[in-house]
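Below, chains carry the letters A, B, ... as their sequence lines are ordered, and counting in each starts from 1.
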Amino acid sequence: MTAPLDPAYDPRGLETSLYRQWEAQGAFQPSGRGDPYVIAMPPPNVTAHLHMGHGLNHAIQDALIRCARMRGRDTLWLPGTDHAGIATQNVVERQLAAEGTSRFDLGREAFEARVRAYVGATEATILGQLRAVGASADWTRTYFTLEDRMSRAVREVFVRLHEKGLIYRGKYIINWCPRCLTALSNEEAEKEEVRGSIWRLRYPLADGSGFLVVATTRPETMLGDTGVAVHPEDERYAAMVGREVRLPLTGRVVPVVADAAIDREFGTGVVKMTPAHDPLDFEIAGRHGLPALDILTPEARLTDDVPEPFRGLDRFAARTAVIAALEAEGLVEKVEPHTHAVGHCYRCHTIVEPRLSDQWFVRMAPLAAPALQAHRSGRLRFVPARRGDEYAQWMEGIRDWCISRQLWWGHRIPVFYCENPECGRPNVSRTDLTHCPSCQGPVRQDEDVLDTWFSSWLVPFSGLGWPDSTPDLARYYPGHVLVTAPEILFFWVARMVMAGLEFMGDLPFTTVYLHGTVRDTQHRKMSKSLGNGIDPLDVVDQYGADALRFTVLSGTAVGTDLILDPGDLEASFAAGRNFANKLWNLGRFLLGHLDGPVRPLAGSDPAVIRRDELRLADRWIIARCDEMVREVTVAFDRFRLNDAAAAVYRFVWSDLADWYIEQIKPRLHGDLPGGDVARAVATRTFDVALRLLHPVMPFITETLWTRLPGHPPGASIIRAPWPCPDERALDSEAQEHFRLVQEAVGAIRAIRAEYGVQPGQQVRAVIASSHPRSRDVLSREQDTIRRLARVSELQVGPDAPEAGGAGTAVLSDGSAILVPLGDLIDLKRECARLRSEIERIEELVARQEQKLGNTAFVTRAPADVVTREREKLASWQEQVSVLRDKRERLACPD
RNA sequence: GGGCGGUUAGCUCAGUUGGUUAGAGCGCUACGUUGACAUCGUAGAGGUCACAAGUUCGAAUCUUGUACCGCCCACCA
């Protein structure tokens, strides 16, 4: 016997204890049986506090996993990445800065130890946070044990790519973050519009015969200019090509070259060449043999290669100083405001500096070709589909991937340089080397580490034990679904596809579901720096994890963003909490009325409920329940979790609670016979609703479901079977008839409200219908109508006796409802009410007659559409005539 | 600059292949301590589906254009 439910629903203690219970039962462990369903997850970065995006992401994934599990599939939740990388390093560096020291004071080894300790200490916190938002805990734990596996896979991949000639090292212009002191990939340098200026500077010709005017947004880089370029077909400057200019401030004499990459239209058509600090300039300089002069330190200060007054200046201070100096010489022709996109470090938001340096790259074009093909052939599907177009566009224009980072925390690049000056070979190795394989000389490992995503792109197989061939790998690769945020489509998703195809020969997953971004009411992305975030843990604390999940899942249709108001949690999350409360009370009520054994609805048990024992309401709710099963199942198949949540919500609240439970109360209380049938139907349909809702609201559904009768002890809803649609439950007649009862109750209630009848007061009602079937249904259900509409005496007949002071309404089948209210009825008011109702329906009739009078419509529209429209017209016409009749009987003056 | 999406009730959003009297939740109004639930119940107000033209028997839904909002990509210095 389970303990009785508390009157008030308090989700808190419940969630923790359920998680413990589920874990003890191994509920999240893959069973090894059944068809596997693998989903990949990006974990939160260990350094960052959980944000709402994680809440949304985990809720979706956990819901899909739970649904798949109930549908008999073995599930695996594959963790996403490890802790290597810039974010973790940043946190520890901030801590060090607060302590007045730095990684450079500490040294590399001590720093690594420090980060490791930090990660270890944070694990428990992160696990707790993940559980709080609903991540299936066992798999989040795996995430922390993954790093050793990953480093092997990373090396293996590095070596293989190198052997295939797809990894190379070279001097290139890369994005450099002067604060993090590391290179960034193109994806990590986020372009943002910045308002700046464009300066036109005069560069005197070396022979003193005039000026060339260059346009630049970064005048400070002119100190590193090694040339000037124009378009080869630009007539204005044709005579200048091959001549020289004397670079102001430095006095350096540099050549004028012609290159087709120059845009004649922009600026003056003359571009200063700074090969060391601009990607395009670097490219052009290469073609013309211009040297690259690096004038910036890693911290983006001017080096000693510039004239004395500018040395050591920060790049922005240098800009001011250079402009001032040029102005003093009268060399600034013009300044105009100018907006352009500038790269920012995606972690610390510092403006990125293009910098010439030695870095490792992966040649991507060969990897992109099959990945593009997978999408074109339709094997790789994106939800929503338009994301696939973005993917394809990126793949088509793919550029080489800069994978080296000048960080101290991450997977070290597995290259060992021989220190023997006569050998000096770089050795790429799967294992740590102590000697040079060629000359046995001492070796030194490359100082740099790999981009975090260089380990992450391998997760779908490295997490399963690759490069070993493990049983897990055989069973769970390839996987099925990747659920993630669109922000990391290129960082992660596209690269996982490429790695899967390259190293496993198959896609890592076949569906990529990209959910929306969590934004505030001004549609700004929630972020720590803006301070517009919502902490999911606060929400869990105040409203419960179920409320959080229900809200985020029902708020995000496929491909749309989730808008939440950080200033008003109540507005966002009350709906979820209220629904949980509704479920709780529904459960409490039902359990309170289950005093005997509950008879089964189907099966071979002799106590099974016979069809002829079912009343109209029973048949109706069973049919509605079946409809819900179909809707929710389809919704899950199509990743439309909002539809799934809404379908159960509607069933539970509007059908089960508002109508069915209200209808069966007399039977449950023993005032009418058939209590056992009502109990069975209510219990069964509630059971189905709980199971369908479990993926969305796991805690409350488990709590209620385990208390419902008929489940073996120790059973968990996680392993309960997903409800199946049942042809026998379909019952359009019951649906139609019950709708009529609902309409009748609604009509009487509306009349009561219209005339201000006190809710407690009973009234008399008359139903007049020319349809024998309607009369039959309504009189058989008169108990229901009387109770729910508070009617003391209900007459149903073919015609109504004269009733002067009565409120009147008409149902969709043309049945008239009269509520005699004597003096309460104001005749004029009732006449006006009827007239406006008549006018309203007459308008519909007119429109419908026009439609049906149109021969084009009748001949061209499908037959079933025409039939339906004819039926509608007939129904409205009947309603109008009934209402007219009532007006006549009232002898309305107008 | 190229590509893509959005614009439906005061707010946040649904609306599956064109065929309903265009829906939900919150908010709002009126009434209500009916023995599951005031985290509730009943009734109600509120929308020319951004604008314009077109296709069609029929358009919130398809086409084109306009306006605004947003996203992705991009080496015009």
Side-chain angles (χ1 to χ4, degrees), chain A residues 5 7-9 173 191 198 214-218 221 229 261-268 270-274 278-284 338 340-341 354 384 386-387 389-390 393-394 397 486 489-490 517 519 521 523 543 547 551 554-557 559-565 570-572 574-575 577-593 634 638 640 642-643 646 649-650 654 657-658 661-662 665 669 746 749-754 756-760 787 790 840-841 843-844 847 851 854-862 864-866 868-869 872 876:
Chain A
L5 294 171
Y9 173 57
I173 291 274
K191 293 290 167 124
I198 186 159
V214 303
T216 180
T217 54
R218 299 199 52 197
T221 63
I262 303 298
D263 180 352
R264 276 174 281 184
E265 309 301 318
F266 191 87
T268 57
V270 185
V271 185
K272 55 191 266 322
M273 291 287 109
T274 322
D278 183 279
L280 179 65
D281 292 2
F282 179 75
E283 203 183 301
I284 296 174
H338 181 66
H340 56 145
R386 70 186 151 86
R387 296 292 183 181
D389 300 336
E390 287 175 15
Q393 197 189 345
W394 184 80
L489 178 58
F490 308 129
T517 307
R519 297 177 186 281
T521 44
H523 295 207
Y543 298 89
T551 303
S554 45
T556 174
T560 63
D561 288 340
L562 176 65
I563 313 290
L564 295 172
D565 186 350
E570 187 71 13
S572 300
R577 180 202 53 199
N578 295 354
F579 185 41
N581 186 253
K582 190 74 182 179
L583 285 164
W584 186 256
N585 283 296
L586 196 51
R588 239 164 34 97
F589 175 79
L590 274 179
L591 292 167
H593 287 86
V634 168
R638 301 169 66 189
R640 302 176 63 117
N642 59 324
D643 285 352
Y649 183 94
R650 207 173 332 125
S654 307
D658 287 351
I661 295 295
E662 292 306 324
K665 275 179 179 172
H669 293 145
R749 283 173 175 169
I751 292 169
R752 295 174 58 114
E754 173 82 19
V757 178
Q758 286 304 303
R787 247 176 31 78
R790 306 223 132 214
R840 187 179 68 87
I841 302 175
E843 209 169 297
L844 296 175
R847 210 189 306 166
K851 188 186 259 186
N854 184 342
T855 50
F857 171 72
V858 181
T859 52
R860 293 202 198 180
D864 60 315
V865 172
V866 177
R868 220 177 323 137
E869 298 300 316
K872 271 197 265 176
W876 289 331

Distance below 4.0 Å between A/His340 side-chain N/O and B/A74 OP1 or OP2: no

Nearest heavy atoms of A/Gln758 and A/Arg752, plus distance in Å: O-NH2, 3.0 Å

Quick one: pull up NZ in A/Lys665 and CD1 in A/Ile661 and give me the separation to the nearest 0.5 Å. 8.0 Å

Parallel, tilted or perpendicular: which fits the ring planes of A/Trp584 and A/Tyr9, with parallel below 30° and perpendicular above 60°? tilted

Minimum heavy-atom separation for A/Arg588 to A/Pro7, with atom names? NH1-CA, 3.3 Å

Take atom CG of A/Asp658 and atom P of B/A36, then tell me their distance rounded to the nearest Å. 14 Å

Starting at CE of A/Met273 and ending at P of B/C75, how long is that distance when rounded to a whole Å? 16 Å

A/Trp584 CH2 to B/U39 P, in whole Å, measures 17 Å

Closest to the 5' end of RNA chain B, once A/Gly555 and A/Phe266 are matched to their nearest nucleotides, is A/Gly555

Whole angstrom value for the distance that separates C1' of B/U34 from CZ of A/Arg790: 5 Å

Shortest non-hydrogen separation from A/Val271 to A/Ile262 and the atoms involved: CG2-CD1, 3.8 Å

Looking only at atom P, what distance separates B/A36 and B/G41, rounded to whole Å? 14 Å

So what does A/Leu586 hit on the nucleic acid, given a heavy-atom distance under 4.0 Å: a base, only sugar-phosphate, or nothing? base

Tell me, yes or no, whether the heavy-atom count around A/Glu843 atom CD, taken from other residues, nucleotides or ligands under 6.0 Å, exceeds 12. no

Output for pair (A/Ile563 CD1, A/Arg519 CZ), nearest 0.5 Å, gives 7.0 Å

Test for a donor-acceptor pair under 3.5 Å between the base of B/U42 and the side chain of A/Arg752, counting only N and O atoms. no

How far, in whole Å, is B/U29 from B/G35 if one measures between their C1' atoms? 29 Å

Between P on B/G35 and CD on A/Glu662, what's the gap in Å once rounded to a whole number? 11 Å

What integer number of Å spans the P atoms of B/G27 and B/U39? 11 Å

Please report, rounded to the nearest Å, how far the C1' atom of B/G25 is from the OH atom of A/Tyr649. 6 Å

If you pin A/Gly587 and A/Ser654 to their nearest nucleotides in RNA chain B, which one's is more 5'? A/Ser654

Here the gap from A/Ile173 atom CD1 to A/Phe282 atom CZ, rounded to the nearest 0.5 Å, amounts to 6.0 Å

When every non-hydrogen atom of A/Arg218 is compared with those of A/Lys272, the smallest separation belongs to O-NZ, 4.1 Å

Under 4.0 Å, heavy atoms only, any strand: does A/Ile262 hit a base, just the sugar-phosphate, or nothing? base

Any side-chain N or O of A/Lys582 below 4.0 angstrom from OP1/OP2 of B/G41? yes

Interatomic spacing from OG1 in A/Thr551 to CZ in A/Phe579 - rounded to 0.5 Å: 11.0 Å

I want to check something: taking the side chain as every heavy atom from C-beta on, are A/Val865 and A/Glu869 in contact at a cut-off of under 4.5 Å? yes

Could you go over nucleotides 1-11 of chain B and give all protein N or O partners under 3.5 Å, atom names and distances?
none

With rounding to whole Å, what would you report as the distance between B/G15 and B/A60 at their C1' atoms? 8 Å

Output row for RNA chain B, stems defined as at least 3 consecutive Watson-Crick or G-U pairs under 3.5 Å, is B:1-7 with B:67-73, B:10-13 with B:23-26, B:28-32 with B:40-44, B:50-54 with B:62-66

Which nucleotide, B/A36, B/C40, B/G32, lies nearest any side-chain atom of A/Gln758? B/G32

Nearest-Å distance for atom pair CZ/C1', residues A/Arg588 and B/A36: 6 Å

Given B/C40, is OP1 or OP2 found less than 4.0 Å from the side-chain N or O atoms of A/Asn581? no

Between B/U20 and B/G58, how many Å separate the two C1' atoms, rounded to a whole number? 14 Å

Determine whether A/Pro759 and A/Arg790 make a side-chain contact, defined as any pair of heavy atoms from C-beta on separated by less than 4.5 Å. no

Just the rounded figure in Å: distance from P of B/C13 to CZ of A/Arg519. 11 Å

Can you tell me, in whole Å, how much space there is between the C1' of B/A59 and that of B/A53? 14 Å

Smallest separation among heavy atoms of A/Thr517 and A/Pro486, with atom names: OG1-CG, 4.2 Å

Short question: side chain of A/Asn585, backbone of A/Asn581 - any donor-acceptor pair under 3.5 Å? yes

Show me the protein contacts with nucleotides 14-19 of chain B, counting only N or O atoms at under 3.5 Å.
from	atom 1	to	atom 2	distance (Å)
B/A14	OP1	A/Thr560	OG1	3.3
B/G15	OP1	A/Arg640	NH2	2.5
B/U16	O2'	A/Arg638	NH2	3.4

Could you please name the option among B/G25, B/A36, B/C73 that lies closest to any side-chain atom of A/Phe490? B/C73

NA contact type, A/Phe282, heavy-atom cut-off 4.0 Å: base, sugar-phosphate, or nothing? nothing

Applying a 4.0 Å non-hydrogen cut-off, can you work out what A/Ala574 is touching in the nucleic acid: base, sugar-phosphate, or nothing? nothing

On a whole-Å scale, what distance lies between the C1' atoms belonging to B/U12 and B/A52? 29 Å

The side chain of A/Arg840 lies closest to which of these nucleotides: B/U39, B/U21, B/A36? B/U21

Say you pick atom C1' in B/U8 and the same atom in B/C13; how far apart are they, in whole Å? 9 Å

Shortest non-hydrogen contact from A/Phe266 toward A/His338: CZ-CE1, 3.8 Å

In terms of side-chain heavy atoms of A/Thr217, which of B/A77, B/C75, B/U42 is nearest? B/A77

Base, sugar-phosphate alone, or nothing: which one does A/Arg749 contact when heavy atoms must sit under 4.0 Å apart? sugar-phosphate

So which nucleotide from B/A77, B/U21, B/G32 ends up closest to the side chain of A/Pro759? B/G32

